[in-house]
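Structure first, then comments.
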Amino acid sequence: MPEPTLTPARRLPMTAAHARHALISIPDLRDVLSGQVITPDDAAYDRARAIFYGGFDQRPAVIVRPTDAAEVATVVSLARETGLELAVRSGGHSLAGHSVTDGGIVLDLSAMRALDIDPQQRTAWAQTGLTAGEYTTRAHAYGLATGFGDTGSVGIGGITLGGGIGYLVRKHGLTIDNLLAAEVVTAGGQLLRVDDQTHPDLFWAIRGGGGNFGVATRFQFRLHPVDTIVGGMLVLPATPEVIGGFIALADAAPEELSTIANVMPAPPLPFLAAEHHGRLVIMATLAYAGDTGAGERAVAPFRKLATPLADLVKPMPYPEIYPPEEPEGEGFHPTGVLRTMFLDALDRDATEAIVEHLQASTAPIAVAQLRVLGGATARVPAEATAFAHRASRLMVNVAALYERLEDAQVQQAWVDRFAAALQDGDAPAYVNFLGDEGPARIRAAYPGPTWERLAAIKARYDPTNLFHRNQNIPPTKGASDGEVSEET
Ligand SMILES: Cc1cc2nc3c(=O)[nH]c(=O)nc-3n(C[C@H](O)[C@H](O)[C@H](O)COP(=O)(O)OP(=O)(O)OC[C@H]3O[C@@H](n4cnc5c(N)ncnc54)[C@H](O)[C@@H]3O)c2cc1C
């Protein structure tokens, strides 16, 4: 591929070094940026292009790791001026492979990990290269937390922009319900501060609308006192009765308690007796964010649903809810198919279907993940943010991980059949759990009025759809009202 050249955008916050380069090529980026610039001839290239999920073998022209918002703006302008596809990466956990691109530019935020915590105000400014786990550990030093998801290595960039459903979801809402402000580099290279007073339309859109509107370089979050929780894993045998009972208890539980239940054949985990390996179980993680005694009382009924096969639920420091990660870039890059849906309930037919489909699976790992919502999430009006599925009681994700690419079709068919058995027609979707599933599924993440408003805001902030390597919301045609006024 010929080396692209670019003219830096006129409205960038340019440094003297930027200004010296009226026309630069990708290799010249090394002179302009202090962050890493990785090209195919670098030894670090293969590791740098890899993302969490396997099965994505794209070869970007360059991977850039900016160190501040001005460098982010330079990279955005490089993409705009060259026409090279831009992929934005925070933690690299996109299920659709959106954080890598073939022949384009990867803007990898992982070098931007500053976290400024104000313990008095209980707020934090976080650069978007942080992972959920790192943020949680550092905030815990003050006995404070913001809720993200169930996995520490997920980037705060992707999870926040899509909503954020995790262990504090019932007590403190989605991650976006705790987002107070953000700094965003737009397609035009402007750095905007957005909150409910400044660019309120953009602030609305980035709370659920994903990476469509710009590159978020910093988020300001609200923190909550969450120090010791009653939490951990409870493993129960999975029968239709126990699954139904679990969901009923989780729904009726005090909202301090959030649960994530993975129904799956038991993996050979060291804390599970060998005779249970391969048996269908509920591997549930419980998290009670409140008084320890009340937490013990809240989890007690779950222990009585059936004789637990393992019970690791105990008072623990909140960050321990995230098990230690493998060293960065090592080992596990699963390949899989997944279907996400919001449901109002799981009746007896549905819990039977869960057991039947999982028992029939031929995948090395097959799972139905059940997350009861409600609580603080449901109290936010549906139209307040771009995440509109507030009234849904339950999120269900069904997934199969597999090792051989030739198994993709069989596993996709299994996921399709399984999902069809659980939903009545096309259920709404959670954007952060969408794979590369096409426009109709993206629409399923956004009910009509939400979609229309997002498309109009997209037309205003990104009329040429520069940010399209995402769960894309194309700009409404002819809706752009020109330049976005600059406020940083
Ligand atoms: C193992 C695993 C567990 C998960 N658990 C949960 C969970 O419990 N709860 C939950 O809500 N979700 C969960 N998710 C889904 C997760 O929220 C999404 O995959 C999310 O997009 C990942 O964010 P990331 O920054 O790591 O990914 P990336 O691949 O880096 O980013 C995904 C997309 O987000 C956009 N993006 C990322 N950062 C920025 C930024 N700073 N500015 C603009 N756009 C950006 C880009 O469009 C990018 O393509 C999980 C995913 C995985 C793989």
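Atoms within a ligand are numbered from 1 in the order they appear, just like the ligands themselves. Just so we're clear, the structure is a prediction, and the values are computed from it rather than from any experiment.
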Report yes or no: does a heavy atom of [X] sit under 4.0 Å from some atom of ligand 1?
X    : result
Y53  : yes
G214 : yes
G162 : no
Y430 : yes
G164 : yes

Distance filter under 4.0 Å to [X] heavy atoms, resulting ligand 1 atoms:
X    : result
L109 : 40 (C), 41 (N)
G157 : 37 (C), 38 (N)
G149 : 7 (C), 8 (O), 9 (N)
H98  : 49 (O)
F52  : 1 (C), 53 (C)
N470 : 47 (O)
L161 : 39 (C), 40 (C), 42 (N), 43 (C), 44 (N), 45 (C)
L95  : 19 (O), 51 (C)

Can you measure from [atom1] ([X]) to [atom2] ([Y]) and round to the nearest 0.5 angstrom?
X    : Y    : atom1 : atom2 : value
T67  : M112 : OG1   : CE    : 7.5 Å
E81  : L78  : CD    : CG    : 9.0 Å
F213 : L454 : CZ    : CG    : 4.5 Å
H98  : I51  : NE2   : CD1   : 9.5 Å
R441 : Q471 : CZ    : CD    : 9.5 Å
T186 : D462 : OG1   : CG    : 8.5 Å

What protein heavy atom lies closest to [atom]? Include the residue and the distance to one decimal.
atom                    : value
atom 41 (N) of ligand 1 : A216 O, 2.9 Å
atom 22 (C) of ligand 1 : H93 CB, 3.8 Å
atom 17 (O) of ligand 1 : N432 ND2, 3.2 Å
atom 38 (N) of ligand 1 : S90 CB, 3.3 Å
atom 4 (C) of ligand 1  : D150 OD1, 3.6 Å
atom 13 (C) of ligand 1 : F433 CZ, 3.4 Å
atom 23 (O) of ligand 1 : G158 CA, 3.2 Å
atom 28 (P) of ligand 1 : G92 N, 3.3 Å

* **NZ/NE/NH1/NH2 to OD/OE distance under 4.0 Å, R49 and D57** =>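 Salt bridge flag = yes for D57 with R49.
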* Asked: Can we say E255 and R379 salt-bridge, meaning some charged N sits less than 4.0 Å from an Asp/Glu carboxylate O?
  ->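 Answer for the salt bridge query: yes.
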Side chain or backbone of [X] under 4.0 Å from ligand 1, or both, or neither, by non-hydrogen atoms?
X    : result
R371 : side chain
F467 : neither
T131 : neither
R469 : backbone
T128 : side chain
T175 : neither

Using a 3.5 Å cut-off on N or O atoms only, is [X] in polar contact with ligand 1?
X    : value
S94  : yes
G155 : yes
G166 : no
G91  : yes

* To do: Sequence neighbours left out, what pairs pass ring-ring contact (aromatic ring centres under 6.0 Å, His included) with at least one residue falling in residues 70-91?
  =>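 Every pair satisfying ring-ring contact (aromatic ring centres under 6.0 Å, His included) with a residue in residues 70-91: there are none.
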Exam field: side chain [X] to backbone [Y], donor-acceptor pair closer than 3.5 Å:
X    : Y    : result
T175 : G147 : yes
H333 : F52  : yes
N432 : I159 : yes

* Residues Y135, L223; criterion side chain to side chain contact (heavy atoms under 4.5 Å, CB included); working and verdict -> CA-CA 11 Å; Y135 178 106; L223 288 155; 3.5 Å; yes
* To do: List the steps and the verdict of side chain to side chain contact (heavy atoms under 4.5 Å, CB included) for M341 and R339.
  => CA-CA 7 Å; M341 65 198 92; R339 180 62 65 95; 4.2 Å; yes
* Indicate yes or no: at least one non-hydrogen side-chain atom of L95 is less than 4.5 angstrom from one of L338. =>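 Yes, close enough: below the 4.5 Å cut-off.
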* Is NZ or CZ of R443 both nearer than 6.0 Å to the six-membered ring centre of Y446 and within 45° of the ring axis? ->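 Not satisfied by the 6.0 Å and 45° rule.
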* To do: Please lay out, stage by stage, how E256 and R170 fare under the test salt bridge (charged side-chain N to carboxylate O under 4.0 Å, His left out).
  => CA-CA 6 Å; E256 282 77 8; R170 284 160 56 83; over 6 Å; no
* To do: Assert yes or no for the condition that the ring centre distance of F342 to H389 is strictly below 6.0 Å.
  =>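 Yes: the rings meet the under 6.0 Å criterion.
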